[in-house]
Amino acid sequence: MEILPDRPELQAFPYLALVTRTDPTSGNVTDTCAGALVENGWRVLTARQCTQFNGTDTPLEQLKVYIGGVWHDVAKVVAESGPANASNWANPPVPSNNLAVLMLMSESGASPAKLPFDYTSGSPATPAPAENDQVWAVALGVTETFDAKYTTYYGMEVRPAGTCAAKFTDTFCASGTGGLVAQAATGGPIVSVASDAQTPDVLVGVVGWSQEINAAYFMRVTDKQAFLEQAMP
């Protein structure tokens, strides 16, 4: 995937979240993932594996979420059932295409991303993104000392069905001209970027697992409609 220059202004993707796990003894951050604030100021969508460590659910007090310059505690995690961790990318991994919704302890004032369907209506969603659509993978990175944050974004084109390796378990793939999706992008949003500042970006996918490959595989949000209708209200 093509790596575009870092965009320092965090306001460019206001819904972008950094999901962290802290060490229970030292309080230091030990793991980071990305995520997206969705639909209102209380819920963050990420990959389920970002809420676990070695297959065990992380205690709520060890999860912290950073959005728009503010740290938030997590009140509740609603996760899809099934295995979450991919143990070895070189071999067929344990399925990593499960989502988690993090309920924040306090409301975020950031502008959320829009889901590609109305989760309150029960109407079937139109599958998105479509083949050849232009989408963007967005991540909030940190320095090794966790004292500075920056935004990276990757332009990609959705690849036609049948052109992706069958061993991967996620629900669509996309690629650019080269490069990678950074490890920090795991759990992060795949968005269809709005053409004007007044229209919210649409969250069409979530990075299930990121590695240094030229085509990465993502969870399609419209495939998760039944889960999100239960998790979001």
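Please read these numbers as outputs of a predicted model, since none were measured by experiment.
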Give, for atom CG of Leu115 and atom OG1 of Thr120, the distance between the pair rounded to the nearest 0.5 Å. 10.5 Å
Tell me, please, which residues at least two apart from Ser192 pass side-chain contact (heavy atoms from CB on, under 4.5 Å). Val202, Val204
Kindly indicate, with the supporting measurements, whether the criterion side-chain contact (heavy atoms from CB on, under 4.5 Å) is fulfilled by Val206 and Thr46. CA-CA 7 Å; Val206 173; Thr46 188; 5.7 Å; no
Suppose the criterion is salt bridge (charged side-chain N to carboxylate O under 4.0 Å, His left out): which pairs have a residue in residues 58-68, not counting sequence neighbours? Lys64-Asp73
Membership question, hydrophobic clusters at under 4.5 Å side-chain separation (ILVMFWY): are Leu99 and Trp42 in the same one? no
Can you list the residues that meet the side-chain contact (heavy atoms from CB on, under 4.5 Å) rule with Gln62, with sequence neighbours excluded? Arg21, Thr22, Pro24, Thr58, Pro59
Walk me through it: do Val70 and Ser108 pass the test side-chain contact (heavy atoms from CB on, under 4.5 Å)? CA-CA 8 Å; Val70 179; Ser108 170; over 6 Å; no
Look at the side chain of Glu80 and the backbone N and O of Phe227, then say whether any donor-acceptor pair between them is shorter than 3.5 Å. no
Shared ILVMFWY cluster between Trp71 and Leu104, side chains joined below 4.5 angstrom? yes
If you take all heavy atoms of Val19 and Ala34, which pair is closest and at what distance? CG2-O, 4.0 Å
Provide the closest heavy-atom pair for Cys50 versus Gly187 in the form atom of the first, atom of the second, distance. SG-CA, 4.1 Å
May I ask you to test the Ser106-His72 pair for a side-chain heavy-atom distance under 4.5 Å? yes
Name of the residue among Val221, Leu37, Leu16 meeting side chain to side chain contact (heavy atoms under 4.5 Å, CB included) with Pro189: Leu16
Taking all heavy atoms of Val74 and all of Met105, pick out the closest pair and write down the distance. O-CE, 4.0 Å
Can you tell me how far the CG atom of Leu228 sits from the CZ atom of Phe117, to the nearest 0.5 Å? 4.5 Å
Determine, stepwise, if the pair Tyr66 / Thr20 fulfils side-chain contact (heavy atoms from CB on, under 4.5 Å). CA-CA 8 Å; Tyr66 179 92; Thr20 69; over 6 Å; no
Point-to-point distance, once rounded to the nearest 0.5 Å, from CD of Glu229 to OG of Ser123: 8.5 Å
Ala75 versus Leu60, closest heavy-atom pair with distance: O-CD1, 3.2 Å
Which residues pass the side chain to side chain donor-acceptor pair (under 3.5 Å) test with Gln230, sequence neighbours left out? none
Is there a donor-acceptor contact under 3.5 Å from the side chain of Gln134 to the main chain of Val193? no
Worked verdict on Val191 versus Tyr15 for side-chain contact (heavy atoms from CB on, under 4.5 Å): CA-CA 11 Å; Val191 295; Tyr15 47 82; 3.6 Å; yes
I need the minimum non-hydrogen distance between Ala137 and Ile190, along with the two atoms involved. CB-CD1, 3.6 Å
Smallest heavy-atom separation, Val44 atom then Ala17 atom, equals CG1-CB, 4.1 Å
Under the rule for side chain to side chain donor-acceptor pair (under 3.5 Å), what residues qualify as partners of Asp23, not counting sequence neighbours? Ser26
Distance, nearest 0.5 Å, that separates OG1 of Thr51 from CG of Leu102: 6.5 Å
Could you tell me which residues satisfy side-chain contact (heavy atoms from CB on, under 4.5 Å) with Met103, sequence neighbours excluded, listed by chain and number? Arg43, Lys76, Val78, Val101
